[in-house]
Amino acid sequence: MLTEPAAPMPIPGHIDPVPVPRAAATRPDGRIDLIGLSKEQLRETLAAAGLEPRQAKLRAKQIWHWIYNRGATDFALMTDIAKAQHPWLTERFVIGRPEVVEAQVSSDGTRKWLLRSPDGQDYEAVFIPDADRGTLCVSSQVGCTLNCTFCHTGTMRLVRNLTAGEIVGQVMLARDSLGEWPSQPEGRMLTNIVMMGMGEPLYNFDAVRDALKLVMDGDGLALSKRRITLSTSGVVPMMARAGEEIGVNLAVSLHAVTKEVRDEIVPLNRKYGIEQLLQACADYPGANNARRITFEYVMLKDKNDSDAEAHELVRLLRHYQLPAKVNLIPFNPWPGAAYDTSTPERVRRFSEIIFEGGISAPVRTPRGRDIDAACGQLKTAAEKKSRAELDRIAAEKQAALG
């Protein structure tokens, strides 16, 4: 019997990628990584492995506490679980962390990690310490599909979405590195999270939502949603869902106030224009003067930094009655970039015009430039060095450690 040929699988494009679900990669040892599972998924996983329902519920509660409150990665440390059960758990499960291929520390204290997943994909996370806060910049994808022309990360191809476990794993790794276990709200160095690393978070919505729910859970990492910011380049159809289902602060990569310029530097604008984007911001659930929307604006010399463009930015934000602040970001150069950084005087005048319009417009101090960790510079070192070279460096470091 003849059948119609199957339709070809949609291929992600440069402007509006089609997410193609894929099965999570299995570990070579066959064990299940518990990082990234919700409380209910953890209970179901234990039950599926053979624990009777009441015991699975109890063990899930205990393991959850040890994972997210105590930072344990070894079942043998879980003192309220019978020692006889530790080997059974160890045989079937693992409490994983991303593999650290390279860790760098900037002269200003910024830390950057090049991380590798079990299926050999590389991505990055950055911790930025300040006097009154410490912010972790978290990646949501391996690579990026948006092709923003000023952004080094945007020159990478999109490989795949990160899983919820890989996203929350970046937070767990940072807490490990900072020695911040057991979890407690007071005295933390890691106080804030920004979904501003590699990738577009709203093109990996489910995993980002699930990971951030783990971060915000009061029984675990317990980070307030007011201390988490999700950045988007303007995936308009997903913005309302983000507000309703995640509820964190919103940042928008605006970077231009005219269609011509934004079409060039943020190609997604050809799909969802400035007017659509700003209306979606006006409709964002929970936005108010206490929870303003942040507009990111990278300053590109002679491209988007004129007085006229500053005045137009004020006009647009007033027209849509947006509770907003504008973060002005001096362009962070990278090899082959087609743009130059606006002069300090030009950035200062641009900021003054916006302030005069009644809108806060601080200038972001570049951090981590010397280790390519500044805004727009993230691009995995795997594209700069061969895999063999990275493996050789890792082996040398291990040998040096004995």
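These numbers come from the heavy atoms of this one structure, side chains and all, not from hydrogens, waters or symmetry mates.
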Problem set entry | Partner of I128 by side-chain contact (heavy atoms from CB on, under 4.5 Å), out of T110, N192, D108, L136 | T110
Exercise. L114 pairs by side-chain contact (heavy atoms from CB on, under 4.5 Å) with which of Q104, E102, E99?
Worked result: E102
[X] side chain to [Y] backbone, donor-acceptor under 3.5 Å:
| X | Y | answer |
| --- | --- | --- |
| D33 | G96 | yes |
| E166 | T163 | yes |
| H255 | E296 | yes |
| N269 | I274 | yes |
| N249 | R226 | yes |
| D283 | A280 | no |
| R318 | G357 | yes |

Problem set entry | Rounded distance [0.5 Å steps], CG in D130 versus CE in M189 | 11.0 Å
Exercise. How long is the gap from CZ on R348 to OG1 on T343, to the nearest 0.5 Å?
Worked result: 8.0 Å
Answer with yes or no whether the side chains of [Y] and [X] bring together a donor and an acceptor at under 3.5 Å.
| X | Y | value |
| --- | --- | --- |
| Y339 | T149 | yes |
| D176 | W181 | yes |
| N204 | Q141 | no |
| S351 | R346 | no |

Given side chains that start at C-beta, do those of [X] and [Y] come closer than 4.5 Å, heavy atoms only?
| X | Y | answer |
| --- | --- | --- |
| L42 | L34 | yes |
| Y297 | N327 | no |
| S342 | F331 | no |
| V248 | L250 | no |
| I246 | L230 | yes |

Tell me whether [X] at atom [atom1] has more than 12 heavy atoms from other residues, nucleotides or ligands lying less than 6.0 Å away.
| X | atom1 | result |
| --- | --- | --- |
| E345 | CD | yes |
| K39 | NZ | yes |
| E40 | CD | yes |

For this session: Decide side chain to side chain contact (heavy atoms under 4.5 Å, CB included) for R111 and V126; before the verdict, give the C-alpha distance in whole Å, the side-chain angles of both, and the deciding distance to 0.1 Å.
Result: CA-CA 6 Å; R111 305 185 189 197; V126 175; over 6 Å; no
Charged N to carboxylate O below 4.0 Å: is that the case for [X] and [Y]?
| X | Y | answer |
| --- | --- | --- |
| E52 | K57 | no |
| D219 | K61 | no |
| R209 | D206 | yes |

Problem set entry | Candidate pair T145 and E200, rule side chain to side chain contact (heavy atoms under 4.5 Å, CB included), full reasoning | CA-CA 8 Å; T145 191; E200 164 56 63; 6.0 Å; no
Problem set entry | Test log, rule side chain to side chain contact (heavy atoms under 4.5 Å, CB included), inputs V257 and R315 | CA-CA 10 Å; V257 293; R315 187 196 71 80; over 6 Å; no
